[in-house]
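See below for the structure under consideration.
Chain identifiers are assigned alphabetically (A, B, ...) following the order of the sequence lines, protein sequences preceding nucleic acid strands; residue numbering begins at 1 within each chain. Basis for what follows: all heavy atoms, side chains included, without hydrogens, waters or symmetry-related copies.
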Protein chains: 2
Amino acid sequence: MATHSQKDAYLYKKVITIGTVCELTGLSERQIRYYEKRKLIFPERTERGNRKYSFSDVETLMEIADKMEDGMQTSELRKEMQKKQDNRYDSKMKERMIKGQLNAYFNKRD
Amino acid sequence: MATHSQKDAYLYKKVITIGTVCELTGLSERQIRYYEKRKLIFPERTERGNRKYSFSDVETLMEIADKMEDGMQTSELRKEMQKKQDNRYDSKMKERMIKGQLNAYFNKRD
DNA sequence: CGTGTAAGGAATTCTGACACG
DNA sequence: CGTGTAAGGAATTCTGACACG
């Protein structure tokens with residue numbers, strides 16, 4: 001994943017089975033699978049079909065659990081998470097613009 | 001664990017099943033269980049008895065795999081790992097001594 | 001010593017469905 | 001809409017043992 005640094009390797013590596021995710025989040029398997037169906041979470045699959053989650057997924061699920069407790073619906077959560085994704089792109093765009101300006105600045109001096 | 005900072009949480013959390021560890025390390029279940037019997041690795045257990053490993057354990061197993069390929073025996077590996085453990089204690093001791101000196105220094109000025 | 005394998009049992013995970021609301 | 005549950009099958013993991021060397 002080009003969007004993550006080497007240091008994040010363990011955060012995004014999908015190695016945790018659903019049972020362990022249940023223990024870590026306090027959610028039921030049913031809930032976790034449902035949030036997947038609603039496109040809030042994206043586990044990988046083993047050849048045989050078993051779901052594998054990352055620590056990052058676990059963090060996301062805990063946020064989802066909080067919001068659901070507050071009465072939020074999965075459809076709203078979906079929008080909210082889309083926004084975060086957009087913000088991330090915005091940040092990358094800003095970085096590029098700043099780099100562009102720096103390049104322009106130094107190119108002028110050469 | 002008092003020996004690890006908050007940032008290491010994901011490195012030491014035991015959440016990975018033996019099957020996934022096999023994929024990650026290229027070792028067989030048999031080998032991984034054997035290295036446990038030889039006191040080289042210390043997974044946690046679920047209530048039912050299933051082994052759970054951390055990313056740190058996976059790293060250790062990859063080192064073990066390298067050494068075993070080089071013809072080293074588990075008994076030698078055991079000693080080598082004991083040394084590392086000792087060094088860690090030495091480091092902590094040094095830290096404490098330095099802190100002690102600093103404390104003495106500032107206490108003098110008070 | 002280190003590792004492969006077949007054996008049998010117990011727990012895990014999966015999917016699709018019925019249920020309530 | 002979100003989640004519980006019983007159903008049945010397939011893969012996972014566990015232990016102790018036989019095997020080779």
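No hydrogens or angles considered: a donor-acceptor pair under 3.5 Å links the side chains of Asp57(A) and Ser54(A).
Between dT3(D) and Tyr35(A), a contact under 4.0 Å exists linking OP1 or OP2 to a side-chain N or O. Contact annotation: Thr17(A) side-chain N/O to dT13(C) OP1/OP2 distance is under 4.0 Å. Taking 4.0 angstrom as the limit, Tyr34(B) places none of its side-chain polar atoms (N or O) nearer than this to OP1 or OP2 of dT3(C). Taking 4.0 angstrom as the limit, Arg30(A) places none of its side-chain polar atoms (N or O) nearer than this to OP1 or OP2 of dT5(D). In this model, the phosphate group of dG4(D) is approached by a side-chain N or O of Ser28(A) to a distance below 4.0 Å at OP1 or OP2.
Straight-line distance from the CD1 atom of Ile18(A) to the P atom of dA11(D): 18 Å, rounded to whole Å. If you measure from atom NZ of Lys37(A) to atom P of dC14(C), you get 13 Å, rounded to the nearest angstrom. Atom P of nucleotide dT5(D) and atom CD of Gln31(A) are separated by 11 Å, given to the nearest angstrom. Here dG2(C) presents its P atom at 19 Å from CD of Glu29(B), a figure rounded to the nearest Å. Rounded to an integer number of Å, the gap from CZ of Arg33(B) to P of dG16(D) is 12 Å. In this structure, Lys52(B) atom NZ and dT12(C) atom P are separated by 9 Å, rounded to whole Å.
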For residues 28-35 of chain B, which side-chain N or O atoms pair as donor and acceptor with protein atoms under 3.5 Å away, sequence neighbours left out?
residue: Ser28(B); atom: OG; partner: Gln31(B); partner atom: N; Å: 3.1
residue: Ser28(B); atom: OG; partner: Gln31(B); partner atom: OE1; Å: 3.3
residue: Glu29(B); atom: OE1; partner: Arg33(B); partner atom: NH2; Å: 2.7
residue: Gln31(B); atom: OE1; partner: Ser28(B); partner atom: N; Å: 2.8
residue: Tyr34(B); atom: OH; partner: Arg38(B); partner atom: NH1; Å: 3.4

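Taking a pair to require two hydrogen-bonding distances under 3.5 Å in either a Watson-Crick or a G-U wobble arrangement, dC14(C) pairs with dG8(D). Across all strands shown, dC20(C) forms a Watson-Crick or G-U wobble pair with dG2(D), both key distances being under 3.5 Å.
The base of dT13(D) lies outside donor-acceptor range of the side chain of Arg51(B), with no N or O pair under 3.5 Å. Taking only distance into account, the side chain of Arg48(B) never meets the base of dT12(C) through a donor-acceptor pair shorter than 3.5 Å.
The residue among Met72(A) and Asn50(A) whose nearest nucleotide of DNA chain D lies closer to the 5′ end is Met72(A).
The residue Ser75(B) sits apart from the nucleic acid: no heavy atom pair falls under 4.0 Å.
Atom NZ of Lys52(A) is surrounded by more than 12 heavy atoms from other residues, nucleotides or ligands within 6.0 Å.
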